Amino acid sequence: MRSTLLLAGVFFPAFAMAQQPPPPAPNADECAVWARESSFAKSVEDHDANAFAEHLHADASFISGRDSVARGREAVIADWTPLIAGKDVRLHWYPDAVTVNGDSGVAVSRGPYWMENLAPDAKEKWMAGRFISTWVRDAKGTWHVLYDGGGGNVPKPATQEEIDKLAAGRKACPAVAKQ
């Protein structure tokens with residue numbers, strides 16, 4: 001009897017986890033943040049500093065290294081100027097998940113990012129990781145990024161094949177795609 005209970009304790013949780021329903025499709029607010037995150041990424045890919053700045057909350061804080069935080073829109077813009085220019089490093093990202101906390105006007109977006117080191121002698125041409133950004137909705141209903149921390153991880157070297165797979169994974173908000 002005891003061994004039956006032990007086996008049930010091992011197999012039932014695994015079975016229950018396998019039977020979990022998929023997460024719900026994003027709602028309209030989540031798709032709005034998805035679109036803003038995508039547009040934010042495009043501003044960097046297009047080297048458009050004005051569009052980049054328009055996405056930032058006035059009190060934005062971006063973690064720019066292990067011990068460094070850029071605080072305020074102007075500091076974030078200054079810190080990101082080389083990335084926006086894309087002369088030494090090109091940065092790409094897109095959301096693959098967004099969560100909005102009810103009607104709070106606060107959202108979190110997450111997804112992959114990758115960087116290409118353009119130096120001809122770069123030891124690592126490609127680096128990849130995951131980002132997490134916090135967004136807030138203003139009184140007019142526009143979402144602005146308030147916090148960005150690069151997902152709290154350190155990017156890892158990646159191969160061209162891994163980057164190609166990441167780049168091919170970009171998609172529209174699933175709720176929009178189903179309509």
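None of the values given here were measured: they were computed from a predicted structure. Residue indices begin at 1 and follow the sequence shown.
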(message) With a 4.5 Å cut-off on side-chain heavy atoms, are Asp88 and Leu118 touching?
(response) no
(request) Specify the closest pair of heavy atoms between Met115 and Leu91, including all atoms of both residues, with the distance to one decimal. (result) CG-CD1, 3.5 Å
(message) If I take atom OG1 from residue Thr142 and atom NE2 from residue His57, how far apart are they, to the nearest 0.5 angstrom?
(response) 11.5 Å
(request) Might you point out which heavy atoms bring Asp29 and Gly102 nearest each other, and give the distance in Å? (result) OD2-O, 4.4 Å
(request) Going by the side chain to side chain donor-acceptor pair (under 3.5 Å) test, name the single residue among Tyr94, Trp143, Trp93 that passes it with Glu37. (result) Trp93
(request) Could you tell me the separation between the OG atom of Ser133 and the CG atom of Asp148, rounded to the nearest 0.5 Å? (result) 4.0 Å
(message) Using a 6.0 Å cut-off, check whether atom NZ of Lys125 has over 12 heavy atoms from anything other than its own residue.
(response) yes
(request) Sequence neighbours left out, what passes side-chain hydrogen bond (donor to acceptor under 3.5 Å, both in side chains) with Arg90? Give chain and number order. (result) none
(message) Can you tell me how far apart OG (Ser61) and CG (Leu146) are? Round to the nearest 0.5 Å.
(response) 6.5 Å
(request) List the atom of Ile77, the atom of Ala53, and the distance in Å for their closest heavy-atom pair. (result) CD1-CB, 3.4 Å
(request) Check whether any side-chain heavy atom of Pro157 sits under 4.5 Å from a side-chain heavy atom of Met127, and report yes or no. (result) yes
(request) Looking only at non-hydrogen atoms, find the nearest pair between Ala128 and Leu166 and report the distance. (result) CB-CD1, 3.9 Å
(message) Tell me if the centroids of the rings in Phe40 and Phe52 come within less than 6.0 Å of each other.
(response) yes
(request) Check Val100, Val145, Val98 against Trp135 for a side chain to side chain contact (heavy atoms under 4.5 Å, CB included) and give me the one that passes. (result) Val145
(message) If the test is side chain to side chain donor-acceptor pair (under 3.5 Å), which one of Glu162, Glu116, Glu161, Gln160 qualifies with Trp126?
(response) Gln160
(request) Please round to the nearest 0.5 Å and tell me the distance separating atom NE2 of His144 and atom CG of Asp138. (result) 4.0 Å
(request) Check whether any side-chain heavy atom of Trp114 lies under 4.5 Å from a side-chain heavy atom of Pro155, and answer yes or no. (result) no
(request) Can you measure from CG (Asn50) to NE2 (His55) and round to the nearest 0.5 angstrom? (result) 12.0 Å
(request) Indicate yes or no: does Arg36 engage Glu54 in a salt bridge with an N to O separation below 4.0 Å. (result) yes
(request) Would you mind listing every salt bridge (charged side-chain N to carboxylate O under 4.0 Å, His left out) that reaches into residues 91-101, with sequence neighbours excluded? (result) Asp96-Arg130
(message) How long is the straight-line distance from CG of Leu83 back to NE2 of His47, given to the nearest 0.5 Å?
(response) 11.0 Å
(request) Using the test side-chain hydrogen bond (donor to acceptor under 3.5 Å, both in side chains), find all partners of Asp59 that sit at least two apart in sequence or belong to another chain. (result) none
